[in-house]
Protein chains: 2
Amino acid sequence: MGRRSGSKGASTAEAVQAAARRLIAARGFAAVSMREIAAEVGVQAGTIYLYIPDKQTLLHALMREHMCALLEAWEAESALGAGEGASDALERFVRFHVGYHISRPEEVFIAYMELRNLSETNFAEIEGLRGCYEAALRAILERGMAEGCFRLPDLRLTTRAIIAMLTGVTTWYRAGGRLSAVEVADHYADLVRRMTHAATP
Amino acid sequence: MGRRSGSKGASTAEAVQAAARRLIAARGFAAVSMREIAAEVGVQAGTIYLYIPDKQTLLHALMREHMCALLEAWEAESALGAGEGASDALERFVRFHVGYHISRPEEVFIAYMELRNLSETNFAEIEGLRGCYEAALRAILERGMAEGCFRLPDLRLTTRAIIAMLTGVTTWYRAGGRLSAVEVADHYADLVRRMTHAATP
DNA sequence: AGAGTAAATGACCGGATGTTCAGTTGAAAG
DNA sequence: CTTTCAACTGAACATCCGGTCATTTACTCT
């Protein structure tokens, strides 16, 4: 046997990433073997190594691409609200975060659960990207305190509290469930507003 | 070789659990081998099977004991505040949850990260215990709405939002860091109060 | 001192793991 | 039609895995 009919290198490379994303999100990096990923693609195990050097690099690539896409998406969303006050910026962030995380449950799951399976160097890079994202929210909160519309017990703690609260949506939200994605975002925005604002309207 | 001097069965059984807890919390269930756990105890791999039937049972026992201890600790704490209003009960819950989770980072990490490595039956049991704990907070929020002191966008969503926000403390809190455990609990209590109360005082 | 037993060893089983690579195949280029 | 080459196979490698078990050792009881 050798090359199969209709096979293309570029699409196989993408299929490997997609299969890895699906399987790792469902069962965990350490519990998924390269042979399982290959089988999901419909290819032999050796083929995977034509597109990635090793398993660790595969995980790192998945997480890196997710974090970069998240940061780019937020920059684009943030640009839409240029010039708006901290209060509106915060609501924009909440709706963006909830919406984005709901729409990419696999990537989010991997990014939050597989950090400890990264090598030291790779971990440092992903952690850095996560820090950038956190800094974006922190900047909004900082601005709100300067503007006088927010009152927070502690800036860093509140930043992390909000992100943890919002990201938690991925553990229970299911499309077609009791609440729509918009309703969910509405509710979280409401909670965050009351948690941060100096005076409740 | 055979039995080593000074060895006792009961203490070895506990040492196996402790070693498993440490290693699984640090590197994940699937990434830790029975041989590594045995080495951490200072014993050969076969010895572990004198105390547990298999690896799955070991994970289940760790999670079960953690969840039962958590529920019992909350029942004891809750009894201390018998008769108090929903507002005080909520603050008591927040302080308890933060304090308990800070003091047992390994168990918490395992309970939240290794759910997917449980067999179907074991998962159902642990998920049931988690549901009990969630129900305890939900009952407080429900009571507060009946009393008129809380105003929430959605009961179930708010319950999960609060738990996710509070549990997030385990990802960043370190003893001896910038904030003391009491300060951290103070801040979270403040955030939750403003998030839930009908009017901010 | 001798018997009995609890505690632990260490070799072993079948199978899975990440990774490599010489060889095979299909399709495009001349 | 022949050459060329990217794409893929399938077997092999060394190592590790969870789990079993006959055997050995240390302690206790009589």
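Chain identifiers are assigned alphabetically (A, B, ...) following the order of the sequence lines, protein sequences preceding nucleic acid strands; residue numbering begins at 1 within each chain. Values below: all heavy atoms of this structure, side chains included; hydrogens, waters and symmetry mates excluded. Here the structure is a predicted model, which means the values were calculated and not measured.
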Original post:
Is there side-chain contact between B:Thr170 and B:Tyr112, with heavy atoms separated by less than 4.5 Å?
Top reply: no

**OP:** Figure out the CD1/C1' separation between A:Ile37 and C:dT17, and round it to whole Å.
**Re:** 12 Å

Subject >> Length of the line joining A:Gln56:CD and C:dT17:C1', which is rounded to integer Å >> reply: 16 Å

Original post:
Roughly how many Å is it from CE in B:Met34 to C1' in C:dA16, rounded to a whole number?
Top reply: 17 Å

**OP:** Using a 4.5 Å cut-off on heavy atoms from C-beta on, say whether the side chain of B:Met63 contacts that of B:Leu115.
**Re:** yes

Original post:
Can you tell me how far C1' of C:dT20 sits from CD of A:Gln44, to the nearest Å?
Top reply: 14 Å

Original post:
On DNA chain C, nearest-nucleotide positions of B:Gly42 versus A:Phe29: which is more 5'?
Top reply: B:Gly42

**OP:** Give the nucleotide from the list C:dT19, C:dA8, D:dG19 with an atom nearest to the side chain of B:Tyr49.
**Re:** D:dG19

**OP:** Tell me what B:Thr47 touches on the nucleic acid: a base, only sugar-phosphate, or nothing, going by heavy atoms under 4.0 Å.
**Re:** base

Original post:
Are OP1 or OP2 of C:dA8 and a side-chain N or O of B:Thr12 less than 4.0 angstrom apart?
Top reply: yes

Original post:
Of the nucleotides D:dG18, D:dG10, C:dT19, which has the atom closest to the A:Arg35 side chain?
Top reply: C:dT19

Subject >> Any side-chain heavy-atom pair of A:Ile110 and A:Leu59 under 4.5 Å >> reply: yes

Original post:
Any idea which of D:dC17, C:dT17, C:dT9 is nearest the A:Ser33 side chain?
Top reply: C:dT17

**OP:** Starting at atom CG of B:Leu50, determine the distance to atom C1' of C:dG10, rounded to an integer number of angstrom.
**Re:** 13 Å

Original post:
Taking for each residue the nucleotide of DNA chain C with the nearest heavy atom, is it A:Glu36 or A:Pro53 whose nucleotide lies nearer the 5' end?
Top reply: A:Glu36

Original post:
To the nearest 10 degrees, what angle separates the axes at the start and end of the helix from C:dA1-D:dT30 to C:dG30-D:dC1, five pairs each?
Top reply: 0°

Subject >> Options C:dT19, D:dG18, D:dC8, nucleotide nearest the side-chain atoms of B:Lys55 >> reply: D:dG18

Subject >> Rounded distance in Å - CD1 (B:Ile52) to P (D:dG19) >> reply: 8 Å

Original post:
Would you say B:Leu157 and A:Tyr173 make side-chain contact, with heavy atoms under 4.5 Å?
Top reply: no

Original post:
Counting side-chain heavy atoms from CB outward, which of D:dG19, C:dT19, C:dA8 is closest to A:Asp54?
Top reply: C:dT19

Original post:
More than 12 non-hydrogen atoms from neighbouring residues, nucleotides or ligands closer than 6.0 Å to CZ on B:Arg64, yes or no?
Top reply: no

Original post:
Under 6.0 Å between the ring centres of A:Tyr133 and A:Trp74?
Top reply: no

**OP:** Could you tell me whether the side chain of A:Leu90 reaches within less than 4.5 Å of the side chain of A:Leu137, counting heavy atoms only?
**Re:** yes

Original post:
Of the nucleotides C:dT19, D:dA7, D:dG18, which has the atom closest to the A:Tyr51 side chain?
Top reply: D:dA7

Original post:
Checking all strands, does A:Val32 fall into the base, sugar-phosphate, or nothing category for heavy-atom contacts under 4.0 angstrom?
Top reply: sugar-phosphate

